[in-house]
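Just so it is clear, the structure is predicted and the values come from calculations on it, not from any experiment. Order of the sequence lines fixes the chain letters, A, B, ..., with proteins taken first and strands second; residue numbering starts at 1 for each chain.
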There are 2 protein chains.
Amino acid sequence: MKRNSRLSSTLHILVHMAEKPEQALTSEQLATFIHTNPVVVRRTIAGLRDAGIVTSSRGHGGGWLLGRAPEKISLAEISVALGETLLPFSTEPESPGCLVEQAVIAVLDDFRIAAEKLLAEKLSRITLADLTADFRRRFDLIGVSSHAV
Amino acid sequence: MKRNSRLSSTLHILVHMAEKPEQALTSEQLATFIHTNPVVVRRTIAGLRDAGIVTSSRGHGGGWLLGRAPEKISLAEISVALGETLLPFSTEPESPGCLVEQAVIAVLDDFRIAAEKLLAEKLSRITLADLTADFRRRFDLIGVSSHAV
DNA sequence: CTTCATGTAACTTAGTTAGTTACGATTGGC
DNA sequence: GCCAATCGTAACTAACTAAGTTACATGAAG
């Protein structure tokens with residue numbers, strides 16, 4: 001699992017879970033999908049459990065299941081649950097009292113707030129169901145079921 | 001200079017330069033504005049010079065000047081010249097051949113491309129002149145000229 | 001020809017995050 | 001009741017990134 005790929009890795013995992021809605025998948029299994037180890041998976045998607053996007057159960061036959069239907073899970077929610085920021089730059093003051101900095105931060109903050117709202121809206125219109133539909137289209141076209149390396 | 005503040009730090013510097021259009025400012029002077037050292041400043045804004053946003057000259061009386069009028073310098077250009085990415089997540093394949101990953105990346109890439117276009121458009125409508133105007137408004141209101149710590 | 005400035009390479013330091021190890025807690029099967 | 005499977009989580013390590021620093025070569029002005 002590379003850096004900055006938490007969103008795509010998590011989506012990868014969730015699509016696999018959506019494809020096996022009856023079967024709890026273990027962290028171990030999920031980890032193999034994204035080439036990492038079980039602890040990283042648990043840590044990464046812990047926030048999704050808190051948000052009700054997935055559920056986990058311990059012991060024999062335990063593992064992870066979607067918390068609700070894929071149509072009801074938006075990328076916006078997933079992104080928030082992962083604790084991801086939508087924009088990479090900060091606007092925190094470093095020279096309190098400097099009017100130049102205040103002007104820069106004011107303009108940048110206006111932009112940031114508007115931009116985050118826009119992006120969140122766009123992401124809220126994409127659901128996990130859209131991803132599984134895209135996957136199934138590809139699957140029907142190519143007809144390969146195995147998870148490639 | 002904190003992490004992820006390259007854009008705001010650079011804007012801070014540029015507004016100061018715009019306020020002294022006749023006077024070349026040294027890396028040393030620019031560095032004090034953003035509490036860092038001259039080498040970091042040169043390295044950070046080297047890309048702006050390549051983009052024609054600023055010019056630099058060496059030797060006695062040398063330093064940095066804006067390359068053109070503040071009205072002609074957009075935040076979009078500055079962001080590109082800094083080599084900043086507008087969105088923080090990657091969509092690089094880690095499991096080539098996996099159809100699930102392909103579906104995830106396809107959807108995410110569509111989003112990323114549309115989002116970057118939107119953000120770039122928004123940023124291209126904000127110019128350095130907007131920032132200096134905001135600064136002057138604050139300055140006129142409060143009437144403090146010194147650069148605070 | 002000395003001084004002031006940038007340009008840049010090389011190294012150091014600090015911070016972040018993935019990866020790993022370890023172990024406790026919980027669950028189900030026998 | 002006991003054992004094995006599984007998650008939850010803390011603590012540590014390793015790898016990577018970016019800022020900070022040092023050093024020195026280059027070039028311009030007087």
So, OP1 or OP2 of [N]: does either fall under 4.0 Å of a side-chain N or O from [X]?
X: A:Asn37; N: C:dG19; result: no
X: B:Ser56; N: C:dT6; result: no
X: B:Arg42; N: C:dT6; result: yes

Those residues that, when tested against [X], pass side chain to side chain contact (heavy atoms under 4.5 Å, CB included) (two or more places apart):
X: A:Ala106; value: B:Asp134, B:Arg138
X: A:Asp109; value: A:Thr91, A:Ile105, A:Arg112
X: A:Ser9; value: A:Met1, A:Ser5, A:Ile34, B:Glu94

Next item on the list: Quick one: sort the B:Phe139 and B:Phe135 rings into parallel, tilted or perpendicular, breaks at 30° and 60°.
Entry: tilted

What residues, two or more places apart in sequence or in another chain, satisfy salt bridge (Lys or Arg N to Asp or Glu O under 4.0 Å) together with [X]?
X: A:Glu22; value: none
X: B:Arg68; value: B:Glu77
X: B:Glu84; value: B:Arg6

Next item on the list: Using the heavy-atom set of chain B and a strict 4.0 Å cut-off, write down the first and last nucleotide of DNA chain D that makes it in, 5' to 3'.
Entry: D:dT17 to D:dA29

Can you measure [X] atom [atom1] to [N] atom [atom2] for me and round it to whole angstrom units?
X: A:Leu7; N: C:dA18; atom1: CG; atom2: P; answer: 13 Å
X: B:Leu48; N: C:dT6; atom1: CG; atom2: P; answer: 14 Å
X: B:Met17; N: C:dT6; atom1: CE; atom2: C1'; answer: 13 Å
X: A:His35; N: C:dG19; atom1: NE2; atom2: P; answer: 11 Å
X: A:Glu84; N: C:dT16; atom1: CD; atom2: C1'; answer: 13 Å

Next item on the list: Return each pair, listed once, that meets salt bridge (charged side-chain N to carboxylate O under 4.0 Å, His left out) where at least one residue sits in residues 119-133 of chain A; pairs must be two or more places apart or across chains.
Entry: A:Lys117-A:Glu121

Item checked: Minimum side-chain heavy-atom gap A:Leu123-A:Leu86 below 4.5 Å -> yes

Notebook entry, point to check: What residues form a side-chain hydrogen bond (donor to acceptor under 3.5 Å, both in side chains) with A:Ser90, not counting sequence neighbours?
Noted result: none

Side-chain donor/acceptor pairs under 3.5 Å, residues 42-61 of chain B, sequence neighbours excluded:
from, atom 1, to, atom 2, distance (Å)
B:Arg42, NE, B:Ser27, OG, 3.1
B:Thr44, OG1, B:Val40, O, 2.6

Below 3.5 Å is the cut-off: list the nitrogen or oxygen pairs between protein and nucleotides 27-30 of chain C, distance only.
from, atom 1, to, atom 2, distance (Å)
C:dT27, O2, A:His60, N, 3.4

Check the interface with nucleotides 9-14 of chain C: list each N/O to N/O pair with the protein under 3.5 Å, or write none.
from, atom 1, to, atom 2, distance (Å)
C:dA10, N6, B:Arg43, NH1, 3.2

